[in-house]
Amino acid sequence: MELKRLRHVVALADEKNFARAAERVHLSQSALSRSILAAEAELQVQLFDRGTTEVLPTPAGSFFIDRARKLVFDSNCLQRDIELYRSKQIGELAIGVGPFPAATLLPMLMPELRQNFASVSLRVEVNNWEYLAQHLRAEELDFFVADTRDLPPDQDLDIDLLARQRGGFFVRAGHPLLSKAERLPADILDYGLASVRLPQAIRKALAQLLGLPAGAALPIALECDDVLTLKRAALESDTILAAINAAVADEIQRGLMLPLVIAGIPNMHSEVGIVSLRGRSHSPVAQFVIGRFKELAELHARQ
């Protein structure tokens, strides 16, 4: 039976009068009467006793109306929820974020989401691209944002590259190397390098500049996907931090850290992309968050 006809039956049960029920469902009285007769014919039971003063459900009608009322209520709730979902007022969103986007883009985005979409349930997983790709494929994430240079091209993934974020080496104020007239790549080894998991292309380039034997692994003194831990280590020791500029912008502005220019080191940057399962449709909230990630990444790229 059509849901519309269920609404007609419930309206008549509530109003106990054809004229009032017809007005409620925006029908003529004759059209509502035909709809009720059609429902009774379809069910092969009489739903209402037509009295002179009011219309009352039969026992079969009461049995049917109780269940019809629940279906109408659930339908109204579903329609309301869909409207709220379209307007980004309810729903769930699970996203993955790489270390540098988590340190630079996420803190700007989360307060905005919580303020404007307070009824949306958010889950954020901060980790490296390999972990995030695994959980995306397991459909535990809607999408993730991370450096994608080491992500193997695959037919099941869509990668939407964002603006590049420039990076370099940074040390604490008062670091011994700051007073050295010329700094060489080998100086990195003397003090130790702290970084997130670097893409293989950067590892190979740095290993060559350091004069390491072919195929030798780049020695990383501290590898961690938590940028706050890396910054703390660099601020409180002579460790050299490899990071994107935006990740240390606050420390540089406060004079706590300084860029370290090293002869022969090429310009460094991140290639952050938004990674989704191919063919997956994003919810309105997910579409909004992806758009904001793009805007914030472009803003940081200009800094």
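The figures that follow rest on heavy atoms only: side chains count, while hydrogens, waters and symmetry mates do not. The shown structure was predicted, so the numbers you read here are calculated from the model rather than taken from an experiment.
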Quiz item: Passes side-chain contact (heavy atoms from CB on, under 4.5 Å), Val124 versus Val97? Steps please.
Solution: CA-CA 7 Å; Val124 181; Val97 188; 3.9 Å; yes
Self-check item: Flag side-chain contact, heavy atom, 4.5 Å: Leu256 against Leu235
Solution: yes
Exercise. Answer whether the closest heavy-atom distance between the side chains of Phe143 and Val289 falls below 4.5 Å.
Key: yes
Practice problem: Kindly say whether Ile274 contributes a backbone atom to a donor-acceptor pair with the side chain of Lys294 at under 3.5 angstrom? | Solution: no
Quiz item: Within a reach of under 6.0 Å around CZ of Arg232, are more than 12 heavy atoms found that belong to other residues, nucleotides or ligands?
Solution: no
Exercise. Indicate, with yes or no, if Ile159 and Ile290 share a hydrophobic cluster defined by side-chain heavy-atom contacts under 4.5 Å among Ile, Leu, Val, Met, Phe, Trp and Tyr.
Key: no
Exercise. Mind checking the CG-CE spacing from Leu296 to Met108? Nearest 0.5 Å is all I need.
Key: 5.0 Å
Practice problem: Please assess Lys16 against Leu56 for the test side-chain contact (heavy atoms from CB on, under 4.5 Å), listing each intermediate value before the final yes or no. | Solution: CA-CA 6 Å; Lys16 301 180 177 62; Leu56 296 175; 3.9 Å; yes
Quiz prompt | Interatomic spacing from CG in Asn245 to NE2 in His269 - rounded to 0.5 Å | solution = 12.5 Å
Quiz item: Does Leu6 reach the side chain of Phe64, with side-chain heavy atoms less than 4.5 Å apart?
Solution: yes
Quiz item: Are Leu141 and Leu93 connected, step by step, through hydrophobic side chains (Ile, Leu, Val, Met, Phe, Trp, Tyr) whose heavy atoms are closer than 4.5 Å?
Solution: no
Quiz item: So if you build clusters from Ile, Leu, Val, Met, Phe, Trp, Tyr with side-chain heavy-atom gaps below 4.5 Å, do Leu105 and Leu109 land together?
Solution: yes
Quiz item: Which atoms form the tightest heavy-atom contact between Glu40 and Phe48, and what is the distance?
Solution: OE2-N, 3.3 Å
Quiz item: Any side-chain heavy atom of Thr239 sitting closer than 4.5 Å to one from Arg172?
Solution: no
Quiz item: Leu132 and Gly98: which non-hydrogen atoms are nearest, and at how many Å?
Solution: CD1-N, 3.9 Å
Self-check item: Reported CZ-to-NE2 distance for the pair Phe144 and His135, which is rounded to 0.5 angstrom
Solution: 11.5 Å
Quiz item: Which heavy-atom pair separates Ile65 from Ala13 by the least distance, and what is that distance?
Solution: CD1-CB, 3.6 Å
Quiz prompt | CD on Gln29 to CG on Asn17, rounded to 0.5 Å | solution = 7.0 Å
Self-check item: Student check: side-chain heavy atoms of Ile36 and Arg50 closer than 4.5 Å
Solution: yes
Quiz prompt | Check: Ser121 main-chain N/O paired with Glu92 side-chain donor or acceptor under 3.5 Å | solution = no
Quiz item: Does Asp142 use its side chain to pair, donor to acceptor, with the backbone of Ala94 at less than 3.5 Å?
Solution: yes
Quiz item: Going only through I, L, V, M, F, W and Y residues with side-chain contacts under 4.5 Å, is there a path from Val272 to Val275?
Solution: no
Quiz item: Heavy-atom distance under 4.5 Å between the side chains of Ile262 and Asp187, does that happen here?
Solution: no
Exercise. With rounding to the nearest 0.5 Å, note down the distance linking CG in Leu37 to CG in Leu32.
Key: 9.5 Å
Quiz item: Of the non-hydrogen atoms in Pro107 and Ala102, which two are nearest, and what is the gap between them?
Solution: CD-O, 3.2 Å
Quiz item: Where the side chain of Arg183 meets the backbone of Leu178, is there a donor-acceptor pair that is under 3.5 Å apart?
Solution: yes
Quiz item: Is the shortest heavy-atom distance from the side chain of Leu157 to the side chain of Leu277 under 4.5 Å?
Solution: yes
Quiz item: Same cluster for Leu27 and Leu3 if Ile/Leu/Val/Met/Phe/Trp/Tyr side chains link at under 4.5 Å?
Solution: yes
Quiz item: When Glu271 is tested against each of Gln165, Arg149, Arg164 for side chain to side chain donor-acceptor pair (under 3.5 Å), which residue passes?
Solution: Arg164
Quiz item: Hey, which of Asp147, Asp225, Asp150 is the one that makes side chain to side chain donor-acceptor pair (under 3.5 Å) with Asn128?
Solution: Asp225
Exercise. Answer yes or no: is there a side-chain heavy-atom contact under 4.5 Å between Leu113 and Arg292?
Key: no
Practice problem: Answer yes or no: are there more than 12 heavy-atom neighbours, outside Lys4 itself, under 6.0 Å from its atom NZ? | Solution: no
Quiz item: When you check the gap from the basic side-chain N to the acidic O, do Lys70 and Asp74 get nearer than 4.0 Å?
Solution: yes
Self-check item: Closest contact, heavy atoms only, Phe100 versus Ala247
Solution: CD2-CB, 4.2 Å
Quiz item: Should Asp156 and Arg278 count as an ion pair when the cut-off is N to O under 4.0 Å?
Solution: no
Quiz item: Pick one: which of Tyr191, Phe169, Phe170 meets ring-ring contact (aromatic ring centres under 6.0 Å, His included) with His175?
Solution: Tyr191
Self-check item: Any donor-acceptor pair under 3.5 Å from Thr104 side chain to Ala246 backbone
Solution: no
Quiz item: Can you tell me if CD on Glu23 sees more than 12 non-hydrogen neighbours from other groups inside 6.0 Å?
Solution: no
Self-check item: Expected output: side-chain Thr148 to main-chain Leu151 donor-acceptor under 3.5 Å
Solution: no
Quiz item: Taking the six-membered ring of Phe63, is the NZ or CZ of Arg67 close enough (under 6.0 Å from the centre) and on axis enough (within 45°)?
Solution: yes
Would you give me the side-chain donor-acceptor pairs under 3.5 Å for residues 193-222, sequence neighbours excluded?
from: Arg197; atom 1: NH1; to: Glu130; atom 2: OE1; distance (Å): 2.8
from: Arg203; atom 1: NE; to: Leu198; atom 2: O; distance (Å): 3.0
from: Arg203; atom 1: NH2; to: Glu223; atom 2: OE2; distance (Å): 2.4

Exercise. Return the minimal non-hydrogen interatomic distance between Arg7 and Ser75, and the atom names on each side.
Key: NH2-OG, 3.1 Å
Quiz item: Rounded to the nearest 0.5 Å, how far apart are CG of Leu260 and CD1 of Ile240?
Solution: 5.5 Å
